[in-house]
Number of protein chains: 4
Amino acid sequence: MQCPFDIKPRWERRKDARPQELLAAALDLFVERGFASTRLEDVAKRAGVSKGTLYLYFTNKEELFKAVVRENIVPAIGEAEDAIAGFEGHSAELLRIVVYTWWDRLGATKASGIVKLVMAEANNFPDLAQFYREEVIVRASTMIGSMLARAVARGEFRPVDIPVTTQLLISPMLMLMMWKHSVGPCEQSALDPHTFLEAFIGMALNGLCAAPPVPAGGPAPIPGA
Amino acid sequence: MQCPFDIKPRWERRKDARPQELLAAALDLFVERGFASTRLEDVAKRAGVSKGTLYLYFTNKEELFKAVVRENIVPAIGEAEDAIAGFEGHSAELLRIVVYTWWDRLGATKASGIVKLVMAEANNFPDLAQFYREEVIVRASTMIGSMLARAVARGEFRPVDIPVTTQLLISPMLMLMMWKHSVGPCEQSALDPHTFLEAFIGMALNGLCAAPPVPAGGPAPIPGA
Amino acid sequence: MQCPFDIKPRWERRKDARPQELLAAALDLFVERGFASTRLEDVAKRAGVSKGTLYLYFTNKEELFKAVVRENIVPAIGEAEDAIAGFEGHSAELLRIVVYTWWDRLGATKASGIVKLVMAEANNFPDLAQFYREEVIVRASTMIGSMLARAVARGEFRPVDIPVTTQLLISPMLMLMMWKHSVGPCEQSALDPHTFLEAFIGMALNGLCAAPPVPAGGPAPIPGA
Amino acid sequence: MQCPFDIKPRWERRKDARPQELLAAALDLFVERGFASTRLEDVAKRAGVSKGTLYLYFTNKEELFKAVVRENIVPAIGEAEDAIAGFEGHSAELLRIVVYTWWDRLGATKASGIVKLVMAEANNFPDLAQFYREEVIVRASTMIGSMLARAVARGEFRPVDIPVTTQLLISPMLMLMMWKHSVGPCEQSALDPHTFLEAFIGMALNGLCAAPPVPAGGPAPIPGA
DNA sequence: GATGAATGAGGTTTCATTCAT
DNA sequence: GATGAATGAAACCTCATTCAT
């Protein structure tokens, strides 16, 4: 991402890195405390700068929040899109890959906290919601939809209502992220993510894979594997 | 509803109604603006009283919020428990009943906004989260779990990992509520809840029903069967 | 104090007793919590009436406070005046009597809390201070002064500057009351009132009694100098 | 006092001075109106800053008050301790020095209002009382006690019960401070402090100085009895 | 560019006082 | 006379934002 010839003295690189450091600090604190409870002074302190400096890079708290969303969620969408575009194998395997890629890249990371936070704060920031819809939801849905379309076209999944099935597939993944960051923690009966995802994939493939219906049994009977 | 002999001065009747009026106003505003952004003065104003009056009935903002949860969420759980307890028919039909009862009673009402709100704010109010876990999550999970256990015991569902499947079933319902109150609104391609729920029930039963699959025509028309 | 022929039915006596009951409740709470922290609702509750009733008898919080002062401090002054007026014996004994009467009647009772409270709040209520000066301070000083004058006239005390000596005598008694109600409690090394008063009387008489007169001179006759 | 080379921008010099300016303003207002009735906004205004600025230097109202005590009372204790520690002469002279030092340093200044305030408000702010006991009362009592012990050890004072005598000596000084700030002002017959202190010292030395010892006996040697 | 002192609007909570019943 | 529901002013404290240096 960084041109190797663009060498700068360390202190100047430092300057260029400021926004990144601020975004990283903001990510941590927003996830940890929520939007309202995060104080910009703490963000600045964690990034090692003063409060005033933050305002050199971000107009206000709301813009900082939006930048954190852009920085942490949007790229992951692009990666997933690329993964799907280049995949050649059976769609059941693709589904599994998409789910686990998503988990590794978003679900298991701090970015999941941002997803939760957007859900929580979308009402308070209409244009953030707008941005999020366009840059994240639409693209993610399109991506899942295209995966489903490919599978149906190749005869690997039954013909399904693609928009609805898309939502249905997204639900448990969203749920897992929400859970982690709201009432989930502190609960004794916390879900084991891996078990949950396996059950989810199993049930999804059971419902999606073409005839003959998958014989009951294990969580993920992948025919093409 | 009111015994004709139990005449009270208008003023005293007001008193009895006050908590309800305040709770209704609070429900509206919490759903509309979130917890932190809702000002108690506005709640009072909407209920037609002054700020101070609110404190005659609720100790503080957090207690008001808990009362809203108790008023709007908890009873629905109880009703669903009763519905399950008294049901005699096939578990596939029971699942359908539970889902639609939930939808009519919570999902389609303003109470869904409270569910979303709890998810959003749980981190900031630990004892609210605690309260919600005990009063709502545990009871709802237990309820779904007992429905699954009954189905498996009667040989109507395949044997499944009950805790995990419970979460899996809850996910799309939760999703639908979250959606409505965060990024969902304003979206042109909004999900039609009914279509979504039908697809959800279909996929769930497809994955759950014991072999041989339920004969079509009933609650789960499985094309490939 | 109550004419024996003024018999009333119990409920009516109750009515007449209201102000007394309110004053007693107010005394307790003012002493316990101070002026600002005492809520009129609590005063009413302790007197067994409603908040509104209190306002039938006292114009406002300030007037209630003044009434408490009048009720609890002023009468004690009168009693002490009478005690002095009728005394025939040696002035040293009279001093002792005055001190212990004061202690039994005020110092050891809740009224001492009012004395402390007046000191604390006098600034906030100028006309209360005025009232207290006239009704309590002037009368108490006059009383002590007349006791000193009598003692000097009878040759039992040395001739002294009466106003100054009056203050000097009052100081330790005042101190004892203040102490009880401010930083004194909770202290491990709490003063034993009796020991303190004995030491006080001892030192006072030592300084006041006529024979043998302290060698006159300057204000500070330092023997070793 | 300021090194001429330690030039700072005016703005930064302000910063260093702020706490002192705020403490001075707080001292004035606390003494004038008491703790509860002093609004922090007024303190800030008198110091020429805004409400928020005050919170940059003091965590809350109570800490501000403690700082006022620390600034105005505690140092005086230290000075008196030093004065006693280094004194070589006769204890009678030392007593006089301590009394007048106390008067110049505390009694005659606004700090006396703080002493009165603590007595008045201690009940409502338990940890403030705790702080005052430890930082002021214990140290002051210890100081007076050590003065007495020295005097007795050198044979300059009669052997006395040190804790009790300490209290007895403190009483009139405390009284003088209380008086100034409660019912004392506005009184036509206000005490002249100098006259009062002289009488106090005279009586104290009369009671304390060794020779000739008062004929022992009871606490109240009543000649005529 | 960077700093951090200063600002002041804003929200929760308390409680003396009023007044319809 | 008695009640107690209702009022609303007041005060503390927070923190996003500004700006002089």
Side-chain angles (χ1 to χ4, degrees), chain A residues 11-12 14-15 18 36-45 48-64, chain B residues 8-16 18 36-45 47-64, chain C residues 11-12 14-15 18 36-45 48-64, chain D residues 8-16 18 36-45 47-64:
Chain A
W11 66 265
E12 200 168 342
R14 189 70 205 276
K15 198 176 67 181
R18 280 281 147 76
S37 301
T38 293
R39 288 180 304 145
L40 290 191
E41 180 154 24
D42 290 342
V43 173
K45 199 176 297 171
V49 300
S50 77
K51 208 174 5 170
T53 302
L54 201 154
Y55 280 87
L56 296 175
Y57 296 100
F58 303 96
T59 310
N60 54 31
K61 197 181 186 181
E62 188 172 335
E63 288 304 320
L64 174 64
Chain B
K8 295 179 178 179
R10 189 181 307 112
W11 165 67
E12 198 163 342
R13 278 208 302 277
R14 276 320 281 281
K15 188 213 158 180
D16 290 351
R18 275 288 139 71
S37 302
T38 293
R39 291 182 306 142
L40 290 190
E41 182 155 22
D42 290 343
V43 173
K45 202 173 294 171
V49 299
S50 79
K51 210 175 5 170
T53 301
L54 203 153
Y55 282 87
L56 296 177
Y57 298 99
F58 303 98
T59 310
N60 55 32
K61 198 178 185 180
E62 199 163 332
E63 286 304 318
L64 174 63
Chain C
W11 65 265
E12 200 168 343
R14 189 73 204 275
K15 200 177 68 180
R18 278 284 146 75
S37 301
T38 293
R39 288 181 303 145
L40 290 192
E41 180 155 24
D42 290 342
V43 173
K45 198 175 297 171
V49 299
S50 77
K51 209 173 6 170
T53 302
L54 201 154
Y55 280 87
L56 296 175
Y57 296 100
F58 303 97
T59 309
N60 54 31
K61 197 181 186 180
E62 190 169 336
E63 288 304 320
L64 174 63
Chain D
K8 294 178 179 180
R10 190 178 308 111
W11 167 66
E12 198 163 343
R13 278 208 301 276
R14 275 322 278 283
K15 190 212 156 180
D16 290 351
R18 276 286 137 75
S37 303
T38 294
R39 291 182 307 145
L40 290 190
E41 182 154 21
D42 290 343
V43 173
K45 203 173 293 170
V49 299
S50 78
K51 206 176 9 171
T53 300
L54 202 155
Y55 283 89
L56 295 177
Y57 298 98
F58 304 97
T59 309
N60 54 33
K61 198 179 184 179
E62 202 161 329
E63 286 303 319
L64 174 63

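Numbers restart at 1 for each chain; the letters A, B, ... are given by sequence-line order, proteins then strands.
Protein atom CG of C:Leu64 is 11 Å distant from nucleotide atom P of E:dA16, rounded to whole Å. Rounded to a whole Å, the CG atom of C:Leu40 is 16 Å from the P atom of F:dG4. Residue C:Tyr55 contributes atom OH, which lies 4 Å from atom P of E:dT17 at whole-angstrom precision. One can place CZ of D:Arg39 at 7 Å from P of F:dC12, the figure rounded to the nearest angstrom. Taking atom OH on C:Tyr57 and atom C1' on E:dA16, their separation rounds to 20 Å, with Å as the unit. Put simply, NZ on A:Lys45 is 13 Å from C1' on F:dC15, counting in whole angstrom units. The separation between C:Asp42 atom CG and E:dT14 atom P is 13 Å, rounded to whole Å.
Inter-residue side-chain proximity for B:Glu63 and B:Asn60 is flagged as met; some heavy-atom pair is nearer than 4.5 Å.
Residue contacts shown for C:Ser37 are absent, as no nucleic acid heavy atom lies under 4.0 Å away. At the heavy-atom level, C:Leu56 lies under 4.0 Å from base atoms of the strands shown.
Map C:Gly52 and D:Lys61 each onto its nearest nucleotide of DNA chain F; the residue landing nearer the 5' end is C:Gly52. Mapping B:Asn60 and A:Thr53 onto DNA chain E via the closest heavy atom, the residue that lands nearer the 5' end is A:Thr53. Projected onto DNA chain E by closest heavy-atom contact, B:Glu41 and C:Thr38 fall at different nucleotides, the more 5' of which corresponds to B:Glu41. For B:Leu54 and D:Thr59, each mapped to the nucleotide of DNA chain F holding its nearest heavy atom, the one lying further toward the 5' end belongs to B:Leu54.
Across F:dT3, F:dA11, E:dG10, the shortest atom-to-atom separation from the side chain of C:Val49 is found for F:dT3.
The partner of E:dT21 is F:dA2, judged by Watson-Crick or G-U wobble contacts that both fall below 3.5 Å.
Across A:Thr38 and A:Lys61, no two heavy atoms sit closer than the pair O-NZ, 2.9 Å.
Not a single donor-acceptor contact under 3.5 angstrom links the side-chain atoms of B:Lys51 to the base of F:dT7.
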